[in-house]
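To start, the structure itself, in structure tokens.
Quantities reported herein were computed from a predicted structural model and do not represent experimental measurements. Just so you know, residue 1 is the first one in the sequence shown, and it goes up from there.
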Amino acid sequence: MFHVFIKYLHVFCCSICSDAKLKDPFSLAQKDLQNLYEDIKKQLLVSKAELNALCDYYFDGKGKAFRPMIVILMARACNVHSNKEGALLPAQRSIAMISEMIHTASLVHDDVIDDSDTRRGKNTINKVWGERKAILAGDFILSAASMALARIGNTTVVSVLSQVIEDLVRGEFMQLGAKENENERFKHYLEKTFKKTASLIANSCKAVSILVNSDPEVHEIAYQYGRNVGIAFQLVDDILDFTSSANLLGKPSAADLKLGLATGPVLFACQQFPELHAMIMRRFSSDGDVDRAWQYVLKSDGVEQTNYLAQHYCQEAIGQISQLQQSTERDALIQLTELVLRRDK
């Protein structure tokens, strides 16, 4: 079924680009993302050298810039839809930059909470500088993002993106808890996934649409596309924890199980192997739990079921974005769903 969807998507992508070859989403956004990390570093510039070093650590240009890329493409797609011109507004590019700053600050804080040693193939900030300085660095990046957001001067946009920070905190608290009931557990997992990952993409997409269009329906299209792609992205991330090597991921595999987290593949596997229930409730804390849970997931169709779920969210995203007027950027956002499903790191 997954392969059928990919084949359908490939045919669909070809059909929307008969006159010219469909541009790779990353290549299409590259010009607008030039100097992105340099611009972020300017926002973080302070006189204290050590704080600069901490804040610049992850803004080394080696990240995927996945979120800013989506925001740029959504901005241009909304601009074409709204005024027939795709020219990017400076405020829209600022939102792309702010989205990367909020994301990176959340990574810094996550690594402290999870006591992680590696991120993006190198030592984490907390490993290099210690937990206290890492927390302060994350806070400083968030404060700089908030100041950049205030400079945009649009109260609705400020409200929309402020929701992201609230969701990140609530999502982190949700991750610390577990549900006894199986149905509640999956709902809890998806809601946590939205708050921790998809809210940033959804609300950033909504924010750039607000700057160019007053129609709430367009805002909702942008929001729902970001929401569905964001959830699909995290579902694939959860799959990769079981299927990808540590070298590809840039972080240890089975990391979620070791942190006591039951993600999609585990929750689906639990339907076939009820023995997982007790392990989930004790957050894989007993000797041998992580290895046993790993084996149950591999014996089950948990990975495949999670893939189907990610596919469903990508189909929803395509349905939303297809309501916008045809443009190169809109078509690239459709193609992006295929890249999300196929990614291996």
**Message:** Set out, in order, the CA-CA distance, both residues' side-chain angles and the distance that settles side-chain contact (heavy atoms from CB on, under 4.5 Å) for Asn79 and Gln92, then state yes or no.
**Reply:** CA-CA 10 Å; Asn79 293 356; Gln92 289 175 321; 3.0 Å; yes
**Message:** Contact between Arg93 and Asp39 at the side-chain level, heavy atoms closer than 4.5 Å - yes or no?
**Reply:** yes
**Lys/Arg N to Asp/Glu carboxylate O, Arg342 vs Glu338, below 4.0 Å** = yes
**Prompt:** Side chains of Arg330 and Gln325: closer than 4.5 Å at any heavy-atom pair?
**Reply:** no
**Asked** If you draw the axis of the six-membered ring of Tyr57, does the NZ or CZ of Lys122 fall within 45° of it and under 6.0 Å from the ring centre?
**Response** yes
**Asked** Would you call Val218 and Tyr223 a side-chain contact if the rule is heavy atoms closer than 4.5 Å?
**Response** no
**Request:** For Ser199 and Leu168, run side-chain contact (heavy atoms from CB on, under 4.5 Å): C-alpha distance rounded to whole Å, both residues' side-chain angles, the deciding distance at 0.1 Å, then the answer.
**Result:** CA-CA 8 Å; Ser199 172; Leu168 283 168; over 6 Å; no
**Asked** Can you check side-chain contact (heavy atoms from CB on, under 4.5 Å) on Arg76 and Val80, steps first, answer last?
**Response** CA-CA 6 Å; Arg76 285 191 173 274; Val80 170; 5.6 Å; no
**Item:** Within-4.5 Å side-chain heavy-atom neighbours: Glu50 and Lys133
**Value:** yes
**Message:** Evaluate Ser162 against Val158 for side-chain contact (heavy atoms from CB on, under 4.5 Å), listing each step before the verdict.
**Reply:** CA-CA 6 Å; Ser162 296; Val158 170; 3.9 Å; yes
**Asked** Between His277 and Arg282, does any side-chain donor sit less than 3.5 Å from a side-chain acceptor?
**Response** no
**Prompt:** Could Asp56 and Lys41 be called an ion pair, given the rule that one side-chain N must be under 4.0 Å from one carboxylate O?
**Reply:** no
**Asked** Do Phe140 and Leu54 have side-chain heavy atoms sitting under 4.5 Å apart?
**Response** no
**Item:** Pi-cation contact, Phe66 with Arg343 (under 6.0 Å, within 45°)
**Value:** no
**Prompt:** In chain order, what residues pass the salt bridge (Lys or Arg N to Asp or Glu O under 4.0 Å) check against Lys196, with sequence neighbours excluded?
**Reply:** Asp110, Glu172
**Prompt:** Taking side chain as C-beta onward, heavy atoms only, is Leu267 less than 4.5 Å from Gln305?
**Reply:** no
**Prompt:** Around atom CE of Met281, are there more than 12 heavy atoms of other residues, nucleotides or ligands at under 6.0 Å?
**Reply:** yes
**Request:** Indicate the atoms forming the closest heavy-atom contact of Ser99 with Leu200, along with that distance.
**Result:** O-CD2, 3.5 Å
**Asked** Tell me, do Met74 and Ser209 make a side-chain contact under 4.5 Å, heavy atoms counted?
**Response** no
**Request:** Would you mind listing every ring pair (Phe, Tyr, Trp, His ring centres under 6.0 Å) that reaches into residues 146-195, with sequence neighbours excluded?
**Result:** Phe186-Tyr189, Phe186-Phe268
**Item:** Presence of salt bridge, Asp167 and Arg170, under 4.0 angstrom
**Value:** no
**Prompt:** Judged by modelled atom types alone, do Gln315 and Asn228 share a side-chain donor-acceptor pair under 3.5 Å?
**Reply:** no
**Asked** What heavy-atom pair brings Ala198 and Arg227 nearest, and what distance separates the two atoms?
**Response** CB-O, 3.5 Å
